[in-house]
Amino acid sequence: MKIGVFDSGFGGLTVLRALLEHIPGADYIYLGDTARLPYGAKSRATVARYATSSARFLVAEGAEYLVIACNTASALALDAIRDAVAVPVLGVVETGANAADGSSTTRDVLVIATAATVESHAYAAACEERQMRALEKACPLLVPLVEEGWIDHPVTAEVLRVYLSELMEQARAAALDPDTLVLGCTHYPLLRAQIERAVPERLRVIDSAEVTAEQVAKTLDGAVLHADAPETLFFATDSVAKFRALGSRFLGRPIDGVELVDLGG
Ligand code: DGL
């Protein structure tokens with residue numbers, strides 16, 4: 001089984017990292033559309049165009065199952081991706097909402113994500129389908145801070161404090177009683193410890209990378225997942241040197257070979 005993992009850039013490597021832990025015997029192809037990121041500030045039509053061309057590339061490279069690790073692409077373009085390829089496609093909004101469903105007893109959840117994901121209300125819709133109310137908040141400054149490597153940095157701590165206290169205030173104003181916070185962006189798992197410190201203790205933090213890997217492992221039959229010598233191939237649409245350097249931080253281990261691919265503008 002060859003699993004294709006797609007993200008707008010490096011953040012989806014947090015999902016690949018969890019997949020490698022849960023299903024170490026599979027082959028993986030990862031594509032980071034680094035030339036066209038960020039997706040989080042773009043329109044649905046543009047995200048769908050970029051994401052479908054990326055998905056087609058992964059299938060042409062032999063992917064038999066696609067994990068759309070990018071929350072923005074999952075929120076805005078999952079149907080378009082499913083229409084564009086003939087292999088099963090799993091998006092992280094669905095897995096994040098499933099995890100919130102399992103976690104929440106009050107049925108009120110908070111979601112932080114990119115502006116495009118929040119504007120799509122994909123998380124709110126997925127939560128409503130599962131009889132939960134969701135309050136979504138865009139945190140656009142977090143992606144560049146993580147890409148800058150400012151994880152344990154006072155500026156990031158202050159930005160988080162402002163975003164999260166606003167979110168708690170909005171929850172109070174809407175008379176919600178949240179017990180779960182979904183990290184609805186690939187970059188946020190890297191800030192998990194800082195986020196947990198900044199929110200009330202009763203909020204359970206859900207990392208969609210982890211729950212996605214668990215769902216893929218459950219969905220795919222273990223028997224087909226054992227390649228003799230499993231390999232992971234990396235593709236990026238912009239600088240491979242930058243992908244190697246920044247990507248290692250998200251993957252948690254060095255990345256050796258990265259191939260440059262041109263998917264157009
Ligand atoms: N991968 C995107 C997401 O999960 C974040 C980065 C971007 O905006 O492209 O929403």
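What you are looking at is a predicted structure, and each value in this text was computed from that prediction instead of being measured. Indexing begins at 1, ligand by ligand and atom by atom, following the structure's order.
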Output all residues satisfying side chain to side chain contact (heavy atoms under 4.5 Å, CB included) with E158, sequence neighbours left out; order by chain, then residue number. R161, V162

At less than 4.0 angstrom from any atom of ligand 1, which residues have a non-hydrogen atom? List them by chain and residue number. D7, S8, P38, Y39, G40, C70, N71, T72, T114, C185, T186, H187

For T34, the side chain to side chain donor-acceptor pair (under 3.5 Å) test, sequence neighbours excluded, returns none

Who are the side chain to side chain contact (heavy atoms under 4.5 Å, CB included) partners of L78, not counting sequence neighbours? I68, R82, V89

Could you tell me whether H187 and F250 have their ring centroids closer than 6.0 angstrom? yes

Residue of the set T219, L220, T212 for which side chain to side chain contact (heavy atoms under 4.5 Å, CB included) holds with L90: T212

Only one of S53, C70, S54 passes side chain to side chain contact (heavy atoms under 4.5 Å, CB included) with D33; say which it is. S54

